[in-house]
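Report on one structure; see the data block that follows.
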Amino acid sequence: MDHGNTLNSTPNQRKRNICLIGSGGVGTIASLVLEKSGRAEVTAVLRSKFAVIRERGWDIESVDHGCLKGWRPTRVVSNIVDAVVPNEPFDFIVITTKQLPEAYSVAELVKPAVSPGHTSIVLIQNGLDIEVPIIAAFPNNTVISGISMIGSRVNGENCIIHDGPDDLVIGTHFHDGKDRTVQHQQTREFVNIYAAGTVGPGAISGKCTFTDNMLVARWQKLLWNSTFNTLCTLLRMDVGELQSSGGRETLLIPAMWEVYAIAKAVGHAPAKEMIHHYAYRSSNDCRYRPSMLLDLENNRPMELEVLLGNPLRKAKQNGVSTPILSTVYELLKVEKWRIDHEKGTNILDTQKFS
Ligand SMILES: CC(C)(CO)C(=O)C(=O)O
């Protein structure tokens, strides 16, 4: 990996036309960083927040960028069709929505704004195999993804609390539908733009780095997401509570080793040291609630399939034993059924995921 901000930059180029879909905590900070680079103009597609953000903008309290009042990207629109301007194709589409394949298709969602062969699609989302349907739907476009370690959430109507520094790792999901060199260059360009926006005035600790092995990076992030997210959600505990309770030693670390074993079986194992690093990087008084727990608490659908279902399907195909993860998955599926059942909107068709 290397730091994007050390790469050659091309500041005199025309500003890149970027569409950003999913302006929650992660997406709003991404749009801020991209605009701050001075090399991009962002059109943010906002659905429920459209009216309030058009009128008042975002009030942002950011560990990386300081306090901003009423901030907006270049354009805000209420739907993806309105984002499209004839003869001004998007160079990049950045997607920071939740990955809920059982509820909607990201490829269908973004289709109106993708120019075949031109627009690079950037998935800043959690989970495994999220690039597969995108490559199938857009076989001549570059597909990039980003692993984000950031603490950022929407608070109230138009506030963003960004309290965990932005640490974004970006890489290409290479495929045969486009010249590899072009896929590589477009990824590098995105890293350069993003990295330039992390170092402007008021930016202290954000970083954007390039990886040439995106699949290893994805599995590395799953060491965190398949374990902390799911266990904290099941137990209704924040990170510090799970660690202090003894669960770190009896459940969390063994579950991380199961993720590692699957990653190894499919040939994309991260460094073993990452298990210790993730298990001990936060202090025991860390009150962080993983995104899946926040989803549960706020009555939103959980990203169970991309965070745990897909890794477990790989385990099954490769004969890897996963007693803890499989149990956690089954318990969360039951939990999900209960929530959907109470709401009367059972979107979980268990047949579909087994
Ligand atoms: C690790 C972290 C906090 C990064 O944003 C995350 O991915 C989550 O809570 O789901």
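Below, all heavy atoms of this structure are taken into account, side chains as well, without hydrogens, waters or symmetry copies. In listed order, ligands and their atoms are each counted from 1.
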Worksheet item: Who's the nearest protein heavy-atom neighbour of atom 1 (C) of ligand 1, and how far?
Response: Met149 SD, 3.4 Å
Item to complete: Note the single closest protein heavy atom to atom 5 (O) of ligand 1, along with its residue, its atom name and the distance in Å.
Response: Ile150 O, 2.7 Å
Worksheet, complete the sentence: The closest protein heavy-atom partner of atom 6 (C) of ligand 1 is Asn225 ND2, 3.7 Å
Practice prompt. May I ask you to check whether over 12 heavy atoms, not counting those of Arg47, lie within 6.0 Å of atom CZ?
Written response: no
Worksheet entry | Identified side-chain hydrogen bond (donor to acceptor under 3.5 Å, both in side chains) counterpart of Ser205 within the set Asp167, Asp64, Asp166, Thr198 | Asp64
Practice prompt. Run the salt-bridge test on Glu335 and Arg236 with the 4.0 Å N-O cut-off and return the result as yes or no.
Written response: yes
Item to complete: Return yes or no for this condition: an N or O of Gly151 is under 3.5 Å from an N or O of ligand 1.
Response: no
Response to the item:
Quick note on ligand 1: atoms under 4.0 Å from a heavy atom of Tyr288 include exactly 3 (C), 9 (O)
Item to complete: Within a distance under 4.0 Å of any heavy atom of Pro290, pick out the atoms of ligand 1 and give their elements.
Response: 9 (O)
Discussion item. Are any of the N/O atoms on Arg289, whether in the backbone or the side chain, positioned under 3.5 angstrom from an N/O atom of ligand 1?
Written reply: no
Worksheet entry | Proximal ligand 1 atoms for Asn229, defined as those under 4.0 Å from one of its heavy atoms | 8 (C), 10 (O)
Item to complete: Specify the protein heavy atom at minimum distance from atom 8 (C) of ligand 1: its residue, its atom name, and the distance to 0.1 Å.
Response: Ser291 OG, 3.4 Å
Discussion item. Checking contacts here: is it the side chain or the backbone of Ser152 that comes within 4.0 Å of ligand 1, counting heavy atoms only? Could be both or neither.
Written reply: neither
Response to the item:
Numbered in order shown, the ligand 1 atoms found under 4.0 Å of a heavy atom of Ser148 are 4 (C), 5 (O)
Worksheet item: Hey, is Arg75 close enough to Asp82 for a salt bridge, meaning N to O under 4.0 Å?
Response: no
Item to complete: Decide whether the shortest distance between a heavy atom of Phe228 and an atom of ligand 1 is less than 4.0 Å.
Response: no
Item to complete: Give a yes-or-no answer on whether the side chains of Thr172 and His184 include a donor-acceptor pair shorter than 3.5 Å.
Response: no
Worksheet item: Are any of the side-chain nitrogens in Asp129 or Arg313 under 4.0 Å away from the carboxylate oxygens of its partner?
Response: no
Discussion item. Is it the case that over 12 heavy atoms from other parts of the model lie below 6.0 angstrom from the NZ atom of Lys264?
Written reply: no
Worksheet item: Quick one: do Lys336 and Glu102 make a salt bridge, cutoff under 4.0 Å?
Response: yes
Discussion item. With a heavy-atom distance limit of 4.0 Å, tell me whether Val26 approaches ligand 1 through its side chain, its backbone, both, or neither.
Written reply: neither
Item to complete: Could you see which bit of Lys221 sits under 4.0 Å from ligand 1, with heavy atoms only: side chain, backbone, both or neither?
Response: side chain
Worksheet entry | Atom indices of ligand 1 within 4.0 angstrom of Asn126 heavy atoms, with elements | 7 (O), 10 (O)
Item to complete: Please check if atom CG in Asp176 has more than 12 non-hydrogen atoms from other residues, nucleotides or ligands closer than 6.0 Å.
Response: no
Worksheet item: With under 30° as parallel and over 60° as perpendicular, where do the rings of His341 and Trp337 fit, or are they tilted in between?
Response: parallel
